[in-house]
S.K.: 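The structure that follows is given in the form of structure tokens.
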Amino acid sequence: MTSIAIVGAGPQLGLAIARTFGTQGYDVALISRNPDKLNDLVTALTTEGITAAAFPADVLDRDALAQALKDAAARFDGIDVLEYSPVGTFGVTALTAPATTDPSHVEFEMNFQLYGAIAATQAVLPAMREAGSGTLLYTTGAGSIWPDPRVANVNAAAAALRNWAMNLHKELAGTGIQAAHIGIDASIGVSVIPGVEAVRPEQITPLHWDLHTTKRDHAELVFRVGDKGVPRG
């Protein structure tokens, strides 16, 4: 049996990724900080015939995150795919322009995005190296590629994660392990930044599946809304 661990699982993109892989026979480990919301996702997936389990952990708590991934690996006899895509709470997370950005604004986002991704990777990569196979996927907004000054602090950390993920792809070439970045040039579910179009999460997740299956030589795919609202990578 194969499995995917989704770090930052929520009712939008995380649930859509779970469905994309779950309908292909993957067991799903859901990781985020809210146990009640995780249990709701598990219930929804179970109702659809997908095997899923919740492993609560805050990505800012490195030890808890590592333990959650360890527990998920024990529950599902290993983790074949890691997907990392936690997002801050809109209205709570500070969004700053470049000139008004304080170091603390970037520091929080670096902890949340880059350092959390590194910690999660360290928890699963040794077993993938031993097996000679695995997939590591890191999802950010497309501001990691094309900066938006309205969210400069978030973009800075996302760009750092993108850079690290693409370097990891190069380092792991030839090992049987895929590492890749997915950039999303859209809002998910509802538009939260003026001028950024909203899309359904299930429009995005085929990119995750492709990077795991048919496009393992790619270090990155980018979702952009085309003329008919379809992803282009």
Side-chain angles (χ1 to χ4, degrees), residues 4-10 12-14 16-18 20-21 26 31-32 59 65 69 79-88 93 106 109-125 128-129 133-148 151-188 193 196-197 199 201-226 230-233:
I4 179 171
I6 302 170
V7 179
Q12 292 281 351
L13 183 62
I17 294 170
T20 295
F21 282 78
Y26 281 66
I31 300 172
S32 71
V59 298
L65 178 57
L69 288 163
I79 294 172
D80 301 281
V81 183
L82 171 71
E83 195 282 327
Y84 188 88
S85 55
V87 294
T93 300
V106 178
E109 289 299 326
M110 290 290 283
N111 275 310
F112 195 67
Q113 297 196 58
L114 177 61
Y115 302 155
I118 292 173
T121 302
Q122 289 176 336
V124 302
L125 184 55
M128 290 182 177
R129 285 189 182 276
S133 64
T135 298
L136 304 161
L137 302 175
Y138 309 91
T139 307
T140 74
S144 60
I145 309 166
W146 304 293
D148 183 334
V151 288
N153 61 319
V154 175
N155 285 177
L161 173 54
R162 173 180 182 257
N163 182 285
W164 179 81
M166 296 180 76
N167 270 329
L168 185 61
H169 175 88
K170 294 177 180 179
E171 179 186 356
L172 295 175
T175 66
I177 303 168
Q178 156 72 318
H181 171 254
I182 299 94
I184 303 174
D185 192 19
S187 292
I188 301 174
I193 299 176
V196 179
E197 186 173 344
V199 299
E202 56 268 23
Q203 292 176 257
I204 300 168
T205 58
L207 274 66
H208 294 79
W209 182 251
D210 287 349
L211 285 167
H212 173 55
T213 55
T214 61
K215 296 184 177 180
R216 294 182 66 82
D217 58 328
H218 287 55
E220 178 177 74
L221 290 179
V222 180
F223 178 92
R224 308 193 74 178
V225 180
V230 296
R232 299 196 299 263

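In what follows, every heavy atom counts, from backbone to side chain, and hydrogens, waters and symmetry copies are set aside.
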S.K.: Return the CG to CD1 distance between L65 and I118, rounded to the nearest 0.5 Å.
M.R.: 12.0 Å
S.K.: Find out whether T205 and L13 are in side-chain contact, i.e. whether some heavy atom of one side chain is under 4.5 Å from a heavy atom of the other.
M.R.: yes
S.K.: Might you point out which heavy atoms bring A18 and I6 nearest each other, and give the distance in Å?
M.R.: N-CD1, 3.5 Å
S.K.: A side-chain contact here means heavy atoms from C-beta on lying under 4.5 Å apart; do H181 and I145 qualify?
M.R.: yes
S.K.: Kindly compute the distance separating CD1 (I184) from OG1 (T140), expressed to the nearest 0.5 Å.
M.R.: 7.5 Å
S.K.: Which atom pair, heavy atoms only, marks the closest approach of L221 to K215?
M.R.: CD1-CD, 4.0 Å
S.K.: Students often mix this up, so state it plainly: with edges at 30° and 60°, are the rings of W209 and Y26 parallel, tilted or perpendicular?
M.R.: perpendicular
S.K.: Output the distance between atom OH (Y84) and atom CG (L114), rounded to the nearest 0.5 Å.
M.R.: 8.5 Å
S.K.: Please give me the minimum heavy-atom distance between A117 and W164, naming the atom from each residue.
M.R.: O-CH2, 4.2 Å
S.K.: Heavy atoms, side chains only, cut-off 4.5 Å: are H208 and T139 in contact?
M.R.: yes
S.K.: Please answer whether the main-chain N or O of G176 pairs with a side-chain N or O of R216 as donor and acceptor at a distance below 3.5 Å.
M.R.: yes
S.K.: Identify the two heavy atoms, one from A165 and one from A179, that lie closest to each other, and give their separation to 0.1 Å.
M.R.: O-CB, 4.2 Å
S.K.: Using side-chain heavy atoms (C-beta onward) and a distance below 4.5 Å, is I4 in contact with L137?
M.R.: no
S.K.: Between H169 and H218, which heavy-atom pair has the shortest distance, and what is it?
M.R.: CE1-O, 3.3 Å
S.K.: Quick one: CD1 on I17 to CD on Q12, what's the gap to the nearest 0.5 Å?
M.R.: 11.5 Å
S.K.: So, do I204 and V199 sit near enough that their side-chain heavy atoms are less than 4.5 Å apart?
M.R.: yes
S.K.: Nearest 0.5 Å, what's the CG-CG distance between L168 and L161?
M.R.: 10.5 Å
S.K.: What distance do L136 atom CG and E83 atom CD have between them, rounded to the nearest 0.5 Å?
M.R.: 11.0 Å
S.K.: Output yes when a side-chain donor or acceptor of E220 lies under 3.5 Å from a complementary backbone atom of G183, and no otherwise.
M.R.: no
S.K.: Would a 4.5 Å heavy-atom cut-off, applied to side chains only, mark F21 and H212 as touching?
M.R.: yes
S.K.: Side chains of I177 and R129, heavy atoms from C-beta outward: is any pair under 4.5 Å?
M.R.: yes
S.K.: Which heavy-atom pair separates V154 from Q113 by the least distance, and what is that distance?
M.R.: O-NE2, 3.4 Å
